[in-house]
Novice: 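I'd like to ask some things about the structure below.
Below, chains carry the letters A, B, ... as their sequence lines are ordered, and counting in each starts from 1. Both backbone and side-chain heavy atoms feed into the values below; hydrogens, waters and symmetry mates do not.
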2 protein chains.
Amino acid sequence: MALEHAILVSLLEQPGSGYELARRFDRSIGYFWTATHQQIYRVLRRMENDGWIEVRAVQQQARPDKKEHSVTPAGRAALSAWLRDPVQPDSVRHEIAVKIRGAAFDDPSALITEVERHHQAHADRLTHYLAGELRDFTGPEAPAAPDAGEELQHVVLRGGIAYERMMLAWLEDVLATLRRIA
Amino acid sequence: MALEHAILVSLLEQPGSGYELARRFDRSIGYFWTATHQQIYRVLRRMENDGWIEVRAVQQQARPDKKEHSVTPAGRAALSAWLRDPVQPDSVRHEIAVKIRGAAFDDPSALITEVERHHQAHADRLTHYLAGELRDFTGPEAPAAPDAGEELQHVVLRGGIAYERMMLAWLEDVLATLRRIA
DNA sequence: TCTTTGTATGCAACTCGTTTCATAGACAAG
DNA sequence: CTTGTCTATGAAACGAGTTGCATACAAAGA
């Protein structure tokens, strides 16, 4: 049950509306925890009832009004407690791995296109991450002396980069294996 | 919705009872797709209704009776169709990454123990995978000329090994970063 | 003027997954 | 002879997550 906490982190980094949170969950924090806008609105309501966040109506020009959410001291305390609460490492769920084992009972060459598609998707994501790293952390625009928050965002991004590189290398291994068999 | 298909693959590799499937989902296929026994029983029932599997009652000595499930031609066809159906790459969900970004709003050193725990868990899993690889694929007991099924199982296992190695390296990066900040 | 796109919020229905509880046969240890 | 462990199956309730639908304001373009 980490969506509440992911939202707390995102709102602490920058208060915002449900709509803005949904967009952040399509990039940035969403690289490691996904959510749709319906889920976000529902959880925001619950968090407000629990006193973790407070809502302020904001009038905008040239746009519909929005509700800006920010974290209360109680919300900060809840996040702090969660950070100290040990959770067990997430078990990975790789649909593609199930498919690869299933290929033993079907024509293995039929999977090659699918694996190539995944390879392309991971290559695209890696490119995207590397561009973000250059822009925010390693390029000329980047802060010379990053603060704790920036350091932590960077190390999480490095995790995403390492993951995509690992997947690319593995998918190439898979392709070579499928071609050998077929 | 891949649990049905993961069960089909597992039953094609070896027919078995719900209980046996649940144990396989604690190792082997479960490294890439997890499920509890309740979920397995419920889905088996549905798959039987759909005609994907058939059930045979088996008397056992010194044990309660069991129901052995095996895949029907219709189930095989369903698997085949799924293998050809493009799915989008799974988005990863790393609770630990959310926690790391959250550490910017709390005492970062409080997270060090938690990250060390995760590091240990991944190290254990890597050891386990490597032992399995040696036993089944690279050791003296391994088949000299593996068939397609064994080749595919091995490449999936290599993926697990690569994943654990990547996580270990990244978690060390995270630890170094946390210690630098604290 | 009408359609499309973007911002903004929300309900309802459904599926997926987890947790808790319950039952029952067989064996082994104390 | 009671307790614990392993095998084996399942119901019920809940929580998490997805999909489809609905509404509304405003700008831009055809």
Side-chain angles (χ1 to χ4, degrees), chain A residues 1-8 10-11 15-27 29-30 32-50 53 55-69 82 87-95 98, chain B residues 1-7 10-11 15-27 29-30 32-50 53 55-69 82 87-88 90-95 98:
Chain A
M1 209 199 333
L3 180 55
E4 277 96 331
H5 303 102
I7 288 176
L8 283 176
S10 193
L11 288 180
S17 68
Y19 186 82
E20 284 163 347
L21 279 170
R23 277 188 309 176
R24 289 182 215 169
F25 274 81
D26 281 337
R27 21 171 219 84
I29 197 117
F32 313 100
W33 204 268
T34 55
T36 58
H37 81 270
Q38 291 83 351
Q39 215 186 330
I40 289 166
Y41 283 119
R42 205 193 305 147
V43 171
L44 280 175
R45 190 69 61 90
R46 187 166 70 220
M47 292 169 75
E48 197 192 341
N49 285 334
D50 292 345
I53 55 174
V55 182
R56 196 171 59 92
V58 175
Q59 262 91 53
Q60 299 186 108
Q61 67 283 39
R63 285 180 189 188
D65 298 352
K66 65 173 183 178
K67 297 180 183 177
E68 196 176 75
H69 302 77
W82 177 69
V87 293
Q88 54 192 45
D90 301 298
S91 49
V92 265
R93 286 198 146 189
H94 285 304
E95 211 165 352
V98 178
Chain B
M1 209 197 338
L3 180 55
E4 276 96 331
H5 303 103
I7 288 176
S10 193
L11 288 180
S17 68
Y19 187 84
E20 285 163 346
L21 280 169
R23 277 189 310 177
R24 288 182 215 168
F25 274 81
D26 281 337
R27 23 172 217 83
I29 197 119
F32 313 101
W33 204 268
T34 56
T36 59
H37 82 270
Q38 290 82 352
Q39 213 186 331
I40 289 167
Y41 282 120
R42 205 194 304 147
V43 171
L44 280 175
R45 190 69 61 88
R46 188 166 70 219
M47 292 169 75
E48 197 193 340
N49 286 333
D50 292 346
I53 56 175
V55 182
R56 194 170 60 91
V58 176
Q59 261 92 54
Q60 299 186 110
Q61 68 284 37
R63 285 180 187 186
D65 298 350
K66 66 173 183 178
K67 297 182 182 175
E68 197 177 75
H69 303 77
W82 177 69
V87 292
Q88 54 193 44
D90 301 297
S91 49
V92 265
R93 288 196 143 190
H94 285 304
E95 211 165 352
V98 178

Novice: Can you pull out every side chain to side chain donor-acceptor pair (under 3.5 Å) where at least one residue sits in residues 55-67 of chain B? Sequence neighbours excluded, please.
Specialist: B:E20-B:K66, B:R56-B:E68
Novice: Would you grab the first and last nucleotide of DNA chain D (5' to 3') that comes under 4.0 Å of any non-hydrogen atom in chain B?
Specialist: D:dT7 to D:dG17
Novice: Rounded to the nearest Å, what distance is computed from the CE atom of residue B:M47 to the P atom of nucleotide C:dC16?
Specialist: 13 Å
Novice: For nucleotides 18-20 of chain C, which of its nitrogen or oxygen atoms have a protein nitrogen or oxygen under 3.5 Å away, and what is each distance?
Specialist:
unit_1 : atom_1 : unit_2 : atom_2 : d
C:dT18 : OP2    : B:Q39  : OE1    : 3.1
C:dT18 : O4     : B:R42  : NH2    : 2.6
C:dT20 : O4     : B:Q38  : NE2    : 2.6

Novice: Among residues at least two apart in sequence or on other chains, which ones pass side chain to side chain donor-acceptor pair (under 3.5 Å) with A:Q39?
Specialist: none
Novice: Rounded to the nearest angstrom, tell me the gap between atom CD1 in B:I7 and atom P in C:dC16.
Specialist: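 For the pair B:I7 CD1 and C:dC16 P, the rounded distance is 12 Å.
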Novice: Please give, in whole Å, the distance from C:dA8 C1' to A:Q59 CD?
Specialist: 14 Å
Novice: Atom CD of B:E4 and atom C1' of C:dT15: how far apart are they, to the nearest Å?
Specialist: 11 Å
Novice: Can you list the residues that meet the salt bridge (charged side-chain N to carboxylate O under 4.0 Å, His left out) rule with B:E48, with sequence neighbours excluded?
Specialist: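 If we apply the salt bridge (charged side-chain N to carboxylate O under 4.0 Å, His left out) test to B:E48, skipping adjacent residues, there are no hits.
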Novice: Show the distances under 3.5 angstrom between N or O atoms of the protein and N or O atoms of nucleotides 24-29 of chain C.
Specialist:
none

Novice: Taking A:R24 for its side chain and A:S10 for its backbone only, find out whether a donor-acceptor pair lies under 3.5 Å.
Specialist: yes
Novice: Rounded to whole Å, how long is the line connecting atom CG of A:L21 with atom C1' of C:dT9?
Specialist: 13 Å
Novice: In whole Å, what is the span from the CG atom of B:L3 to the C1' atom of C:dG17?
Specialist: 10 Å
Novice: It should be established whether A:S17 places a side-chain nitrogen or oxygen under 4.0 Å from OP1 or OP2 of nucleotide C:dT7.
Specialist: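 No, no such contact exists.
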Novice: Examine C:dT7: is either OP1 or OP2 under 4.0 Å from a nitrogen or oxygen in the side chain of A:Y19? Give yes or no.
Specialist: yes
